[in-house]
Amino acid sequence: MKTKIQELKQKFNIELADVRDTKTLEELRLSFFSKKGYISALMKELGKVPAEQKKEFGQIINGFKQELSDRFDEARRELVEREEELAVNCAEAYDESMPTVNPGGSYHPITLIQRELEDIFRSMGFDVEDYNEIVDDYHCFEALNIPKFHPARDMQDTYYLDTPNQLLKSHTSAAQNHIMMKYGRALKEQNRPIRAVFPGRCFRNEAIDACHENTFFQMEGIMIDKDISISNLIYFMKTMLSEVFERDITVRLRPGFFPFVEPGFELDIQCLICGGDGCPSCKNSGWLELCPCGMIHPNVLKYGGINTEEEPYQYTGFAFGLGLTRLAMMKYGIKDIRVFNEADLNALSQFVSK
Ligand code: DAH
């Protein structure tokens, strides 16, 4: 029995030396003190010991039990202290203001192209503006010379909210009125031309295929000053596109009808995916409608509080609505518009800013 106790002491010492946390310590404690533990086994053996030796062995086992339980208590105290200290130190080491290091992250291709365009337009003196996604009928249509029941509304069927008169904007042109109101005074009083671009998410009730999405991005731009003409419009469009594609690209201008511009144009670029031969992305035409544009209709200027007739404030301006999503398809060679909204990280993480 004495040897047995000696062996158990040794076992205990060896195992305790390896214990690093309270959980393992508890496991060790149970291996000695639980019903099926070593101490219970010793007590059972005590039953077999001759009666005259029982007292002596009983005292030895009790002493052993006491010694073990003291050492467990002491070890637990030390471990708890150490664990608490560690938790406090870790909390101190964590600094929530530190930027996250996430080497796996990347920007969405639309974000990349939008930022690039913002930089280009800023360098040409444009302000970059933001606007709501939920707008009212007036801003989306009426203020753009598209009265109720005008056939041009058919092209822009969108999503209407239950709240009366609220809808998801079908084009970034919806912000034109707001921008004119915001900068009109500086134009009149300080001769500061209005030059602004406003990128944004747009929505349309569309049947989805390789070139149509119900959610897409545009970047609208307007410039208003005295003597603004179509030449200014063409100059800005050409400069911008040559910056984006870092080469000369082939463009064509066609007449186009939009109620908020007069005259109105469609600026097309030759499809960079098929080089003009025809493919699903360009509906086999070889051309991609990239940027409808035109001279802002006098009614729209009037609704925006901009003078068009009264001397000396005869202002004119141009506007354009760049298809950001389309532009990203062209620039990155993305053949299917659905890639943008599918959240497939394998596809979306391939794009890097230049
Ligand atoms: N808002 C039009 C659309 O989404 C595009 C557009 C056409 C914008 C002509 C313009 C413009 O600024 O001048 O269909």
Side-chain angles (χ1 to χ4, degrees), residues 110 114 117 121 126-129 131-133 135 137-147 150-159 167-180 183 194-206 211-224 228-238 240-241 251-269 288-301 303-304 306 315-329 337:
I110 300 281
Q114 180 182 321
L117 283 172
F121 278 108
F126 281 69
D127 294 301
V128 178
E129 287 285 331
Y131 195 57
N132 310 344
E133 288 176 359
V135 298
D137 188 273
Y138 177 76
H139 286 89
C140 204
F141 301 118
E142 303 252 342
L144 290 164
N145 207 27
I146 313 177
H150 191 288
R153 289 197 181 207
D154 289 354
M155 309 287 291
Q156 304 221 1
D157 188 18
T158 180
Y159 301 95
L167 49 108
L168 299 185
K169 75 168 184 281
S170 56
H171 53 173
T172 40
S173 309
Q176 280 196 18
N177 184 268
H178 166 79
I179 303 291
M180 290 177 200
Y183 291 110
I194 300 182
R195 273 181 297 198
V197 286
F198 22 108
R201 185 185 272 121
C202 303
F203 307 86
R204 286 199 201 166
N205 187 3
E206 288 274 6
C211 3
H212 297 92
E213 248 293 0
N214 56 23
T215 307
F216 56 96
F217 288 80
Q218 292 184 338
M219 182 184 266
E220 188 90 0
I222 55 173
M223 175 162 184
I224 302 171
I228 294 293
S229 71
I230 297 171
S231 326
N232 299 109
L233 167 67
I234 294 172
Y235 168 78
F236 278 105
M237 291 294 100
K238 276 199 163 165
M240 182 271 297
L241 288 170
V251 299
R252 71 176 184 188
L253 265 183
R254 289 177 292 123
F257 173 72
F258 305 93
F260 37 94
V261 280
E262 178 56 36
F265 306 102
E266 288 284 3
L267 187 139
D268 299 343
I269 65 169
L288 249 148
E289 282 182 27
L290 186 69
C291 188
C293 49
M295 300 304 294
I296 304 176
H297 195 289
N299 285 353
V300 176
L301 290 170
Y303 295 141
I306 308 284
Y315 295 112
T316 49
F318 67 74
F320 59 87
L322 194 59
L324 267 193
T325 305
R326 250 175 228 285
L327 193 61
M329 289 172 82
I337 197 170

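Residue numbers run from 1 in the order of the sequence given. Read the numbers this way: they start at 1 and go in the same order the structure lists the ligands and their atoms.
- The shell of residues lying under 4.0 angstrom from ligand 1, judged by heavy atoms, excludes Met155.
- For ligand 1 and Gly294, the ligand atoms under 4.0 Å from any heavy atom of the residue are 13 (O).
- If you number the atoms of ligand 1 from 1 as listed, the ones under 4.0 Å from a heavy atom of Gln176 come out as 12 (O).
- Between the side chain of Arg153 and the backbone N or O of Pro147 there is at least one donor-acceptor pair closer than 3.5 Å.
- Listed by number with element, the atoms of ligand 1 under 4.0 Å from a non-hydrogen atom of Gln156 are 3 (C), 4 (O), 14 (O).
- Distances shorter than 4.0 angstrom occur between a heavy atom of Arg204 and an atom of ligand 1.
- Looking from atom 12 (O) of ligand 1 to the surrounding protein, the closest heavy atom is Glu220 OE2, 2.8 Å.
- Checked by distance only, ligand 1 and Val261 stay at 3.5 Å or farther apart across all their nitrogen or oxygen atoms.
- Nearest protein heavy-atom neighbour of atom 7 (C) of ligand 1: Pro292 CB, 3.3 Å.
- Checking side-chain atoms of Gln218 against main-chain N and O of Thr172 turns up a donor-acceptor pair under 3.5 Å.
- Within ligand 1, counting atoms from 1 as listed, the ones closer than 4.0 Å to a heavy atom of Phe260 are 1 (N), 2 (C), 6 (C), 7 (C), 8 (C), 9 (C), 10 (C), 11 (C).
- Atom numbering of ligand 1 starts at 1 in the shown order; those under 4.0 Å from a heavy atom of Phe258 are 7 (C), 9 (C).
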Practice item. Please step through ring-ring contact (aromatic ring centres under 6.0 Å, His included) for the pair Phe126 and Phe236, ending with a clear verdict. Key: CA-CA 11 Å; Phe126 281 69; Phe236 278 105; 5.4 Å; yes
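- Under the 30°/60° scheme for interplanar angles, the aromatic rings of Tyr138 and Tyr303 are found to stand perpendicular.
- Using a 4.0 Å cutoff on heavy atoms, Cys293 counts as a contact of ligand 1.
- Considering only residues two or more places apart in sequence or on other chains, Thr158 meets the side chain to side chain contact (heavy atoms under 4.5 Å, CB included) condition with Tyr160, Leu167, Leu168, Ser170, Phe203.
- Here's the thing with Ser170: none of its N/O atoms is less than 3.5 angstrom from an N/O atom of ligand 1.
- Considering every non-hydrogen atom in both Phe260 and Leu144, the closest pair reads CB-O, 3.3 Å.
- Listed by number with element, the atoms of ligand 1 under 4.0 Å from a non-hydrogen atom of Gly321 are 8 (C), 10 (C), 12 (O).
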**Study point:** Stepwise ring-ring contact (aromatic ring centres under 6.0 Å, His included) check, Phe320 with Phe121
**Key:** CA-CA 13 Å; Phe320 59 87; Phe121 278 108; 5.5 Å; yes
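- Of the possible polar contacts, none joining the Asn145 side chain to the Val300 backbone as a donor-acceptor pair under 3.5 Å is found.
- Side-chain atoms of His171 come within 3.5 Å of backbone atoms of Cys140 as a donor-acceptor pair (strictly under, hydrogens ignored).
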